Structure formats: C-alpha cells, structure tokens
There are 4 protein chains.
Amino acid sequence: MIELDWTRAMESTALADPLPRMDRAQSPRSDKRERILDAASAVFARDGYHRARVSDIAREANIAYGLVYHYFTNKEEILRTIFEERWSGLLDAVDGVARSDASVEEKLESVAALILDGYRVRPDWVKVVVLDILRTARFADPGQLRAVGRLFQLVARIVRDGQAAGVLRPDLDPGLACSAFLGALELVITSRVLDLVETRSAAGGPSEPDRSTARTVVDILLHGLQTGARPR
Amino acid sequence: MIELDWTRAMESTALADPLPRMDRAQSPRSDKRERILDAASAVFARDGYHRARVSDIAREANIAYGLVYHYFTNKEEILRTIFEERWSGLLDAVDGVARSDASVEEKLESVAALILDGYRVRPDWVKVVVLDILRTARFADPGQLRAVGRLFQLVARIVRDGQAAGVLRPDLDPGLACSAFLGALELVITSRVLDLVETRSAAGGPSEPDRSTARTVVDILLHGLQTGARPR
Amino acid sequence: MIELDWTRAMESTALADPLPRMDRAQSPRSDKRERILDAASAVFARDGYHRARVSDIAREANIAYGLVYHYFTNKEEILRTIFEERWSGLLDAVDGVARSDASVEEKLESVAALILDGYRVRPDWVKVVVLDILRTARFADPGQLRAVGRLFQLVARIVRDGQAAGVLRPDLDPGLACSAFLGALELVITSRVLDLVETRSAAGGPSEPDRSTARTVVDILLHGLQTGARPR
Amino acid sequence: MIELDWTRAMESTALADPLPRMDRAQSPRSDKRERILDAASAVFARDGYHRARVSDIAREANIAYGLVYHYFTNKEEILRTIFEERWSGLLDAVDGVARSDASVEEKLESVAALILDGYRVRPDWVKVVVLDILRTARFADPGQLRAVGRLFQLVARIVRDGQAAGVLRPDLDPGLACSAFLGALELVITSRVLDLVETRSAAGGPSEPDRSTARTVVDILLHGLQTGARPR
DNA sequence: CATGAATGAGAATTCATTCAT
DNA sequence: GATGAATGAATTCTCATTCAT
C-alpha cells in the first residue's frame, strides 16, 4: 500500500527552494523559514488568514517582526508557500497511487488514508488548506486553483480507470463521483475540526493512523449505504 | 416529494423579483433591510467577506453608507444575518423531509435537491455560506456552529431511521455517513462555484432544477460506485 | 436675606423665548421644549457634552429623534440654552444681592447659598455648567465667556464695596479674592459631584438647603482658617 | 521651602528644552514617545481633548500618523498618560511638603506655589488637566479619580495636622477647608486660562514665578478677607 | 408638530510593508 | 541576517443633521 511520509513532505521545500542546498542540516535560513511557516500554519488555523496579523506570526515563531519579510515578500506568499510546498507532496503521492497497479478499492482507500493521515499528522496545515486556501483561491493566482483541480483530476482518473476496467459503474459521472469522494473526506475532516458531529471513533481531533475511517468512507462510496439486497 | 420554495424561503425582494410591485406592502424598513442583505450577499459572493467593503455593499444596494449601520450594528452582523435568516428556512424544510413518511431514498434525494436547488436559485447566498460562513464561523460564533450542526443531526436522524427500518446497513456510523452525504453535496457545489472540475451537466453555474444531480449523488451514496447486482 | 427660587428660575425661558406668550400654562411647545432641556441636562451631566448623543437626549425625553431639531438648531444650542436661560436667573439674583444693603458677610453668604442651593435643587444643571460649559467656553461664542465673567464681576463688586466700606482688607486683589471665593464654592460642589472627599455633612449628593455649608465657606473666607490669635 | 522642579518632573524634552542636546542619551523610543505627549498636551490645550484629532497630534509631533498607535493604544490613553505621568510628580512633591516639619502656613504656601508654578512652567499641561481631565474623568476612570482624591487627602492631612497642633481652627471641616483651598487655586488658574477676570498681576498667562499669588491665596485662606487684628 | 429613516462627512483605528540601524 | 520603529493608505464606525411623510 502506498503511503506518504507527511512529516517529510511537510519539511520539503522543493517548490519554493528548488536549488540544491550544499549542506543545510540546520542552516539558520531554513530554520527560521520553517519556523515562520509552522507558526503561520498555527496562526492561520486558529484565527483564519484574514484575521491573522503578521505580528502574530512573528510572535508565534519567536522571531523579529521584520524578519518575516526577509523570507517572504508578503503575507500572501506565506499562505501560498504553505499550500504549495505541501500540496505538491500530496499530489505526488496521489499520483503514485493512481499509477500503481493496485485495485480501485485499494487506490481509493490509499488516497483517503493519505488525506486523513495528513490531518492526523499536521492538523494545522489541513485546516489552513481546507478553511482558508480554498476560500481564498477565488482570487489568488489561478495556479493555485489549478493545483487543487489536479487532485480532482487524479482521483477522476482513478474512477475512470475503474470504469474502464468494469469495476465501477459506467453510468456515473466521474467528476461527480470524485466530488462525492473528496467531499465526503473533506467534511469528515471538517466536522472533526469544528466538532460538528460525534462519530463512533476518533472524534474531536487527530489520533492514531485512521485507516478504519478511510476504509469506512471508501466502503460507503463503493458499496453504498443500503443493505445487501438493495431493492428499489 | 417535499420541496422547499427557495424564493419564498429567501424572503427575496429586489434581486429575485426585480419588478417593482404596485402594492409594495413591504414596510420601507424591511425594504431597505432586504436590499442591504441582497447587496451584501452579492458582494460577499463576488469578493469574499473580508475583501468586501461596507461602502461596496451600500453602493450595490443603492443606499447611503450610514444606512447600513442603521440596520446592522456592524459588518459581521450582516454576514450572520444572511446566514441565520436563510439557514433556518433550510433547516425547517429538511426537518419536514425528515418527519415525512417517505422512503429513506426519497428523503435523502429531497434533502439533496433542497441543497442543490438552493445553489440554483440563490447562488450568491450559497457561495457566501459555503465559502465564507462555513469556513469563517469556526469557533467564533457557537450559535452559528450549532445551527450547522443541526443540519447534521437532521440528516443523521434520517440515516438512523433507515438503519432501524433495515433499509440502511447497520454497521455504518451515522455520523460518518452523514458527513459523507453532506460533504459530497458540498463539494459538488463548491467545485461548481470554483469551477474546479467539469461534470457532465450543469458545470460552472446554476441552471435548471438539478434533480438529476441530486438523484446521482444519492444513488452513489446508497448503491455505491461499484458494479454489481444493483439494478436501477 | 435674598433668595433665588431656583425652581422658577429653571423654568424661565426669558432669554431664549423673549416674546410674551399668550397662554402657555402647558402649551405643547414649551412642554416638549422643557423636556428636551431637562433630558439634555441629565444626559450631559451623566456622559458629558461630547459623549452625549442627540439620540440619547431624545430617548431620555421620550420624544422623537427629529423633534429635537424643531426646537433647537443643533446640539450646541441646547447646551447654550441650558446655560443662558438659567445663568441669567442666577446673575439677576446675585445682582440683587450685590445691590442690597446687607452686610458684606450677608451678601457673600447669600451668594454662596444661591450657588450651593442651585446644586441642591438642580444638580444636573450645575454639573453641566461646571463640568461642560466652562470647558467648552474656550471655543463657543465669547458671549458665554462674558456671561461667566459677569458673575465674577458681581462678586468682585461686592468685595470692592466691602473694601471701600473698610470691612474687607484693602490689600487684597478683588479679582483674586473673588476667584478664591467662587473657586472654593466650585470645588466644594465638584468634590461632592465626583465624591472626591468626604465632608462632615451632606456628602455625596444634594440634600436639604445647605445653609451651613454656605456659612462655613464664607466663614473660612472671611475669618480664615487660623485660630483666633493668628500669630505669625 | 520645598519646591518641585517642574521641568524635571515633566521629563520634558523638546518643548521645554528646545535646544538639541549633543549627547542625546534618550533612547529613540522614549524620544518619540515624549514628543507625542508634548504635542498632545499642546493640541489638547489649544483645542480641547474632544476636538483634537490624532492626526493633529501626529503633525504637531512631526511624526507619522500610525506611530502614535505604536506607543499608545488609543487617544484616550494619551490623555491618561499625560495626566498620570505628571500628576504623580505633583503628588510626590506635595507629599514631601506634607511630611516636612515646616509650619502649616509654609506648607500650604508651598503647595500653592507648586500648583501655580506648574501653570507657569507647563501651561499646556495644566490647561489639559484643569479643562479636560478633571472634568472628563468623572466616573469613567476610577483610577484617575483616586489620583485626584489623593491630592485632596494630602492637603486634608496638612489641615488636620494644623488643627491638631492648634494652629488651625478645630471647628472647620478639613474636607471643606481643603476644597476651599484647592478650589481657590483652581479657579485662580482657570480664570487665567480662560482670561475671565483681570487680577493685579500675572493676568492672561504664565509669567515669572508667582510666589506672590501663592502667598496671597494662602493669606486669604488663613487670615480671611476681613479686616481685623491680623498683622502680617 | 411628529416621526424616524436617510445622509455623508469626519475621525479613530488597523496593519501590511518599508527602512534605518 | 536581525531588529523593531516608522509610515500611511485603507476601512470601519459614529453621529450630527436633513428630509420625506
């Protein structure tokens, strides 16, 4: 089963800092930079992007106010970086899943696990992406929107492959199916973030790897809510 | 099948019914008040709550700046009012659905149709709710959060009733099922709002009553994506 | 001993409404007008002129918002009217005292009693004059300042007469003496208004006619704080 | 005789000591901060607290608008700070006077001189305190009221000590005596600030050290206005 | 006279961004 | 790199005054 090492994915700065670094086991630059990103994730998650002040981020990161502007040109770039550096890791992982020769069920379960696990390992980041970036995406550069769309496309490809293989019903619109799948996952997470509804397990916050939730969501999506006979 | 007359539920005035009525029974107070709410919905939907300026709302509503503060204590109260006055209409309708003696499938389809139809009839309002309120309210306004939770509870009740009646699989967590259902709907709408993915019909914006989408979403949720002995 | 009927003086509208009215035992005009003035006195006394809103005055007076502007051209005119209509009564009374052939001691005691009694009967009005009008007087029309100055002049005349009669020490500047006298009275009142210091009697608010305080203040001013021998 | 070095007590910078010092040991922070306080004193004294705009203060201080909010949370805090930082200096000085073993007469004369000298050295500040703070504080800020009350208490203590020593008449209420004393001083200053009455000297504005006024006021208060066996 | 909705200029406050040290 | 003071444009909110009914 394909997995994504979220911790590493979270520390990767591939997109923002594509130059290979000689030796930055702990170069001060990356140190401070990461601290800013982590602090920003926490503050954005807590207060929302618009209510968060740059000074809050600096305080949370325990660095000087002005230093934020050494590493980022403006507040928005912090948000964009949070998104890009980590979303690309997710896309790569999902892409790997989609290209693998696992069964459709396994693929979807892996994607669900990737996403749910992201919330477990980095709840702040997921909150920011779910609650702020998608909301801001209307205005920000269309590249961001496209990046979000890419996740849809990857999942839609899995669906289409399943339909081509005769495993999934061919009458269903892949786009709709994909929205249903990702939407289900998103709201499962959101309802936990916001504590909207109690679920039988793992309510209220991130806990151990939540493969059972992933399995249940995929189960619902694949086999439906109805009992076996499914008369109509 | 239970339906919600969104136009009435919205207490719409100018925007939905732009023809000036001869017998404008509306008191002048509520007239202007509604105009502000409609204008705010439009502006928030277009620019997002935080980017929208109160002066924009006033201009859009064709009223004086200060009048906004005659009817609302501040900008946030406008957002809260938009949500509350209309969400309660939705809750009432869903409650009616839940209490009816239709089949589970019919109930879920009605709920889906209610929600999707809201987007068709009042895209601005749905955009505001989906993009700003559901993501901004967070922890700030517990009343708002509770109102959102109530929708979950109503749907969860439908699910539980279905399980009790033996129509729905008893092994599934109703909370999770309900998140999956509403999440699917939400992302279907969001992906249209943001134009994230093309679906076979009704992509990119509101169109005719979208019962087919409702039916498909419920179909997926009830019978699953997988092929099998699920005649329709 | 000369006394001023504050209650009547307070209801006199001589300055602002010099035309003899045919019959206004209770004409609605004067009724509302007085209510506004009373309400304004109360609100100004409580919140201060600048913090008081016209709407507060209207609410306190139990009349419609806009009606205030039927009777007064603007907020400042309310303040001016409060001052003028009632200050002129005080000036007349003090003038009567000054012209009388009572002794200096009696005159000063009467003036002190007039002022202290004003506070007893109409604490709001005195608060407004003491706390707001003198403060605003810097900017408002100089006539107001002159009206305040007239009280000084009347008292100064009493002092000068006393000096001419050989009753008061001729070496003292009448202006200074007069400031000391009125200042003492003012701070006695203010310290009660603000509850700054506890005095042996009548602390905290208006009570019965406070002739004893008047007598004590004049006693201090005339005979000094020192014990009889007054050695130096 | 105990004196208060107002210039030092004021921690004055630019206005009182306009010559740029070579060794400006002042940290930049306190430098700007003081400039704001001095500018605010000037503007408040000229226009009154409520009419003064924060932008006026910034212009007067020759700094950027927003910097005011770097040092003070809001306009009111500027007023409060002006009062507190300097009133405490006065209180300390008066306290020193009260504790000294000078005669009652000397003590009161010193207090009068302290207060009158404050007006001579820092007319702006005194105007602000007299015209805005003492009349605005009211019931709003209990801390401020308490600070004002402390002056009363210190003076009342001097009076009581004098009574205990048999120098002052025991029949007089110390609170009243103290109000009379401070009130006399206050109105002497106010009448100069507002140019209400001409006194034989020092009319209309601050001039040389005004010990003679202090002596006269104390003379009046101690020995009274009346002629009699009061050699001096 | 009464009413209270409507108007809009004015002022406070916020905070992203720049810059001197 | 680091610091945090300095800047000022942008916006919200207030409230005296006007006006239509």
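Throughout, a chain's letter reflects where its sequence line sits, starting with A, and its residues are numbered from 1. Every value quoted in this text rests on a predicted model; they were computed, and no experiment measured them.
In this structure, NZ of D:K32 is placed 16 Å from P of F:dG4, rounded to the nearest angstrom. The distance between atom CZ of D:F72 and atom P of F:dA5, rounded to the nearest whole Å, is 13 Å. For the pair A:I57 CD1 and F:dG4 P, the interatomic distance rounds to 17 Å; values are reported in whole Å. Between the CG atom of D:D47 and the C1' atom of E:dA11 there is a distance of 14 Å, given to the nearest Å. Residue A:I36 contributes atom CD1, which lies 11 Å from atom P of F:dG1 at whole-angstrom precision. Remark: P of E:dG4 and CZ of C:R59 are 12 Å apart, rounded to the nearest angstrom. Distance, B:D56 CG to F:dT12 C1': 13 Å, rounded to whole Å. F:dG8 atom P lies 11 Å from atom CD1 of D:I63, rounded to whole Å.
Contact check for C:V54 versus C:Y69: side-chain heavy atoms found under the 4.5 Å cut-off. At a threshold of 4.5 Å between non-hydrogen side-chain atoms, the residues C:L37 and C:R33 count as touching. Residues A:K127 and A:R46 form no side-chain contact, since every pair of their non-hydrogen atoms from C-beta on lies 4.5 Å or further apart. Residues A:W87 and A:I133 fail the side-chain proximity criterion, which asks for heavy atoms closer than 4.5 Å. The shortest distance between side-chain heavy atoms of C:F83 and C:V148 falls below 4.5 Å.
Taking CD of B:E85 as the start and CH2 of B:W125 as the end, the distance is 11.5 Å to the nearest 0.5 Å. Here the straight-line distance linking atom CD1 of A:I57 with atom CG of A:D38 works out to 12.0 Å at 0.5 Å rounding.
Between E:dC1 and F:dT21, the two C1' atoms lie 13 Å apart (nearest whole Å).
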Give the C-alpha distance, both sets of side-chain angles, the deciding distance and a yes or no for salt bridge (Lys or Arg N to Asp or Glu O under 4.0 Å) between D:R86 and D:E34. CA-CA 12 Å; D:R86 300 179 175 182; D:E34 286 310 307; 3.4 Å; yes

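Contacts of C:D56 classified as salt bridge (Lys or Arg N to Asp or Glu O under 4.0 Å), with partners at least two apart in sequence or in another chain: C:R53, C:R59.
Side-chain proximity of D:A64 to the nucleotides E:dA6, E:dA2, F:dG8 is greatest for F:dG8.
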Pairs counted as Watson-Crick or G-U wobble with both distances under 3.5 Å: what dot-bracket string results for DNA chain E, using | for bases tied to another strand? .||||||||||||||||||||

List the protein contact pattern of nucleotides 13-21 of chain E with one symbol per nucleotide (5' to 3'): B for base contact, S for sugar-phosphate-only contact, - for none; contact means a heavy-atom distance under 4.0 Å. BBSBBB---

